[in-house]
Amino acid sequence: MKSDFWYRFFKNKMAVAGGIVVIALFVVSFLAPWIAPYDPNEIDLVHVLEPPSADHLFGTDQLGRDVLSRMIWGSRISLKVGFVATGIAIVIGAILGALAGYYGRWTDSVVMRFVDIMLCFPSFFLILAVIAILEPSIWNIMIVIGLTGWMGITRLVRADFITLKERDFVHAARAIGASDIRIIFRHILPNAMASMLVAATLGVAGAILTESALSFLGIGVQPPTPSWGNILTAGKDNIDIAWWLSLYPGLAILITVLGYNLLGEGIRDSLDPRLRS
Amino acid sequence: MTRYIARRLLTMIPLLVGITIICFAVIHLAPGSPTDLQTDLNPRVSAEAKERLRALYNLDKPIYEQYILWLKKLAVLDLGESFSPDHRPVIDKITERLPVTITINALSMMLIIIVAIPIGVLSAVHRDTLFDRITAIFVFVGFAVPTFWLALLLMILFGVNLGWLPISGIRSLNFEYLPPWQASWDVIKHLILPVLLSAFGGLAGLSRYMRSNMLEVIRQDYITTARAKGLSERIVIYKHALRNALLPVITILGLSVPTLIGGSVIFETIFAIPGMGQLFYMSVMSRDYPVVMGILFIGAILTLVGNLIADVSYAVADPRIRVS
């Protein structure tokens, strides 16, 4: 079963490419202090808004800071936001989905109504409203993105639980007197991991996109901390003179999100080739 | 049909109550009372504003009473007064900006339908051809591209370098003095980029959905029957298959309403369009609480209405829905 998975995964070139992008991103953000050519916050007023050159591969921004170095440090933000926000969403989604799917009846109706209600809010509106109250900071951003992104995972986990709870191994566990909590977390949940892993990978991509949009609007990661989104804000402010400020950080977001999406879809197709769309 | 609509309206009631509870919870999310937060964090909010906020949310009453009193105001669409110097009622500020936002979203939804459905159908019918491969790449990139970044690039290309399209607002400064045809062309020119960009994400999503839907339908027995009857492939695909594959699209369009509305914050801010999204952004930046909460509520209501319209149209199009 496991070797089947890896065999199918490595045969899927797009999935492997996605995996390489994701690994490269990890390496870059861990090695940021060593590979960034300049200090990301070093202001150099002599070299303001310089186009890409041998000294500054991706040019400099309005304060003369090296764009490449800021992007390398910015990858840490993307990584952190992606994982923390998705982690929060997964925990909420797994617990609510498990309760709804396992207990059914009124528990199920309450949880699913809650999901429906949350889906009525344009998620960007909800995030902005909460940020308006709680002050923008990286932690608040991550928490709020997580708190508004668990609905899809809840539905997935619930669907898995509804089919899994009728399986023989669950009846067997109940017959030997296992508690509900034990059955949910030790017996059923591990079997629902596959779809959660796929949802998590795609969720990381979504969280990175949301964070970059928030930072771009000035409501996310606050300068001077570099993030891909807030470098793009400088790009918009200097739109008629400095195209490099707009081009490169956006490409980084695009490639990263593409990488996670390809990886997620690749994992799904390799887990169950029948699901392939 | 009336029975279906009545039933559908009844199921909206718990959702509506839930929406008000979440909005109310967001107001009270702040540690301490919302008025403390206002004065602590925002020096522009005077003691007088604090008093107004206290009156608006009845903050000196017990929490359930606050909720009931707030609901009573909400029922008559009294969303309070803005904190900005104009002190205007929130509902007026929203309604005067709503038409712009709804127009742009409606236009981009039309664009999505016109472009995505043929793409999806063609790539399903001509599966695994070059066309299918190219659209697959377009769809994948479409899912991953940050649309605000694409907006920047198109602004640089068409606005700055080529100078073909304006990059801000919805009309030129000399709009008043233009003859009618030039005036309408002026508005169209201003709307091209915003509409195109807000449609972009939906284009990728719907064309992919349409493709898999069409592939699903083509496998059905009644398509085999139609072919067996000797009907031409054209009629089989574009009459028998397409009709059935189109039905679920109605639901998808309904579900895309919150995404479109949420996206309006980004596009209206980038292109300086005086709509509800821009108002929301400005209110968040200036901590204009009553407006923020008002738009949050109205946004959820618009989604609810969008879903209702989608479900009712589905029931009109497909009688099976009405009886089940």
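Bear in mind the structure is a predicted one, so any value in this text is a computation, not a measurement.
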**Student:** Are any non-hydrogen side-chain atoms of B/Trp149 and A/Leu254 less than 4.5 angstrom apart?
**Tutor:** yes
**Student:** I'd like to know whether B/Val284 forms a side chain to side chain contact (heavy atoms under 4.5 Å, CB included) with A/Phe125, so could you lay out the CA-CA distance, the side-chain angles of the two residues, the decisive distance to 0.1 Å, and finally the verdict.
**Tutor:** CA-CA 10 Å; B/Val284 166; A/Phe125 275 24; over 6 Å; no
**Student:** Given a strict heavy-atom distance threshold of 4.5 Å, which part of B/Val292 is in contact with chain A: side chain, backbone, both, or neither?
**Tutor:** side chain
**Student:** What pair of heavy atoms forms the shortest contact from A/Leu258 to B/Ala144, and how long is it?
**Tutor:** N-CB, 3.6 Å
**Student:** Go through the atoms of A/Ser246 and report whether side chain, backbone, both or neither lie under 4.5 Å from a heavy atom of chain B.
**Tutor:** both
**Student:** Given heavy-atom pairs under 4.5 angstrom as the criterion, report whether the side chain, backbone, both or neither of B/Leu255 touches chain A.
**Tutor:** neither
**Student:** Given that the side chain runs from C-beta out, which part of B/Ile156 has a heavy atom under 4.5 Å from chain A: side chain, backbone, both or neither?
**Tutor:** both
**Student:** Of the non-hydrogen atoms in A/Pro122 and B/Pro258, which two are nearest, and what is the gap between them?
**Tutor:** CB-O, 3.4 Å
**Student:** Between A/Ile117 and B/Pro14, which heavy-atom pair has the shortest distance, and what is it?
**Tutor:** CD1-O, 4.1 Å
**Student:** How would you list, in number order, the residues of residues 299-306 of chain B that have a heavy atom less than 4.5 Å from chain A?
**Tutor:** B/Gly299, B/Ala300, B/Thr303, B/Leu304
**Student:** Could you tell me which residues in residues 219-234 of chain A have at least one non-hydrogen atom under 4.5 Å from a non-hydrogen atom of chain B, sorted by residue number?
**Tutor:** A/Ile219, A/Leu232
**Student:** In terms of heavy-atom pairs under 4.5 Å, which option from B/Leu260, B/Val17, B/Thr259, B/Ile22 contacts chain A the most?
**Tutor:** B/Ile22
**Student:** Would you say the side chain of B/Ile266 lies within less than 4.5 Å of the side chain of A/Phe124, judging by non-hydrogen atoms?
**Tutor:** yes
**Student:** Let me know if B/Val141 has heavy atoms under 4.5 Å from chain A in its side chain, its backbone, both or neither.
**Tutor:** both
**Student:** Is the closest side-chain heavy-atom distance between A/Trp243 and B/Asn161 below 4.5 Å?
**Tutor:** no
**Student:** Given that the side chain runs from C-beta out, which part of A/Phe114 has a heavy atom under 4.5 Å from chain B: side chain, backbone, both or neither?
**Tutor:** side chain
**Student:** Less than 4.5 Å to any heavy atom of chain B: does that hold for the side chain of A/Ile208, its backbone, both, or neither?
**Tutor:** neither
**Student:** With a cut-off of 6.0 Å (strictly less than), are more than 12 heavy atoms of other residues, nucleotides or ligands near CE of A/Met14?
**Tutor:** no
**Student:** Counting only non-hydrogen atoms closer than 4.5 Å, does B/Phe143 touch chain A with its backbone (N, CA, C, O), its side chain (CB onward), both, or neither?
**Tutor:** both
**Student:** With a 4.5 angstrom heavy-atom cut-off, could you sort out which part of A/Ala213 is near chain B: side chain, backbone, both or neither?
**Tutor:** both
**Student:** Roughly how far, to the nearest 0.5 Å, is the CG atom of A/Leu217 from the CD1 atom of B/Ile270?
**Tutor:** 7.0 Å
**Student:** Need one label for B/Met276: side chain, backbone, both or neither, based on atoms under 4.5 Å from any heavy atom in chain A.
**Tutor:** side chain
**Student:** Please examine the side chains of B/Tyr289 and A/Ile133, heavy atoms only from C-beta on, and report whether any two atoms are closer than 4.5 Å.
**Tutor:** yes
**Student:** To the nearest 0.5 Å, what is the distance between CE (B/Met285) and CG (A/Leu128)?
**Tutor:** 10.0 Å
**Student:** For each of B/Val265, B/Val160, B/Thr269, B/Leu153, tally heavy-atom pairs with chain A at distances under 4.5 Å, and name the one with the top tally.
**Tutor:** B/Val265
**Student:** Looking at B/Leu16, B/Leu150, B/Ile261, which makes the most heavy-atom pairs under 4.5 Å with chain A?
**Tutor:** B/Ile261
**Student:** A/Ile253, A/Ile239, A/Ile255, A/Asp240: which one forms the most heavy-atom pairs within less than 4.5 Å of chain B?
**Tutor:** A/Ile239
**Student:** Any heavy-atom pair between the side chains of B/Phe140 and A/Glu265 that's under 4.5 Å?
**Tutor:** yes
**Student:** Measure B/Phe297 against the heavy atoms of chain A and call it side chain, backbone, both or neither at under 4.5 Å.
**Tutor:** neither
